[in-house]
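Report on the structure given below.
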Amino acid sequence: MIELGLELSERDGWAVLAVSGEVDVATAPRLRERLVGLVGEGRTRIVVDLEKVDFIDSTGLGVLVGALKRVRTNEGDLALVCTGPRILKVFEITGLTKVFAIHRTVDEATLAG
């Protein structure tokens, strides 16, 4: 089983959650818990860095969509960092490139917001 890595940092008032490993039915609940926790702490400007993610399934996508809805309900924003062709393709195929702001770097994501 691939372990899911979650590393939190701060950049220009944004909470940056760097995710690594595989985001699937087994690991997505941990990601959901972490994102819900951040919003619960009042952190509503969140960047999810997917640069070290090897795989994401529909469960993982659902967690990200849910987090986006949660931060927007709290007048916040959620941006993604993703340049990996395989992961980007998943967002393109599902039409989620129209839903999420997807950036090349964390700096780009925090400056855009």
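Because the structure is a prediction, the values reported are computed rather than measured.
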Donor-acceptor contact below 3.5 Å, side chain [X] vs main chain [Y]:
X	Y	value
Glu108	Arg104	yes
Arg86	Asp54	yes
Arg30	Leu4	yes
Asp57	Val25	yes
Asp24	Ala26	yes

### Query
What distance do Leu6 atom CG and Glu33 atom CD have between them, rounded to the nearest 0.5 Å?
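If I round to the nearest 0.5 Å, the distance is 9.5 Å.
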### Query
Atom CG in Asp49, atom CG in Leu17: separation rounded to 0.5 Å?
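Interatomic distance, Asp49 CG to Leu17 CG, rounded to 0.5 Å: 8.5 Å.
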Looking at [Y] and [X], is any side-chain nitrogen of the basic one under 4.0 Å from a carboxylate oxygen of the acidic one?
X	Y	result
Asp107	Arg11	yes
Arg43	Glu10	yes
Arg34	Glu7	no

[X] side chain near [Y] side chain, heavy-atom distance below 4.5 Å:
X	Y	result
Val47	Thr110	yes
Phe55	Val90	no
Leu31	Val19	yes
Leu35	Val48	yes
Ile102	Thr97	yes
Leu80	His103	no
Val81	Leu50	no
Leu64	Phe91	yes

Would you kindly confirm whether [X] and [Y] end up in one hydrophobic cluster when ILVMFWY residues are joined by side chain heavy atoms under 4.5 Å apart?
X	Y	value
Leu111	Val71	no
Ile46	Val99	yes
Val23	Leu88	yes
Phe100	Val16	no
Leu68	Ile87	yes

### Chi angles and distances behind the side chain to side chain contact (heavy atoms under 4.5 Å, CB included) call for Arg70, Val36
CA-CA 8 Å; Arg70 189 175 299 271; Val36 167; 3.6 Å; yes
### Message
Pairing donors with acceptors under 3.5 angstrom, does anything connect the side chains of Thr83 and Glu51?
### Response
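Yes, Glu51 and Thr83 have a side-chain donor paired with an acceptor closer than 3.5 Å.
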### Ala28 to Thr59 - nearest heavy-atom pair and separation
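The answer is CB-CG2, 3.6 Å.
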#### Entry: Closest heavy-atom pair and its distance - Leu78, Ala67
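For Leu78 and Ala67, the tightest heavy-atom pair comes out as CD1-CB, 3.7 Å.
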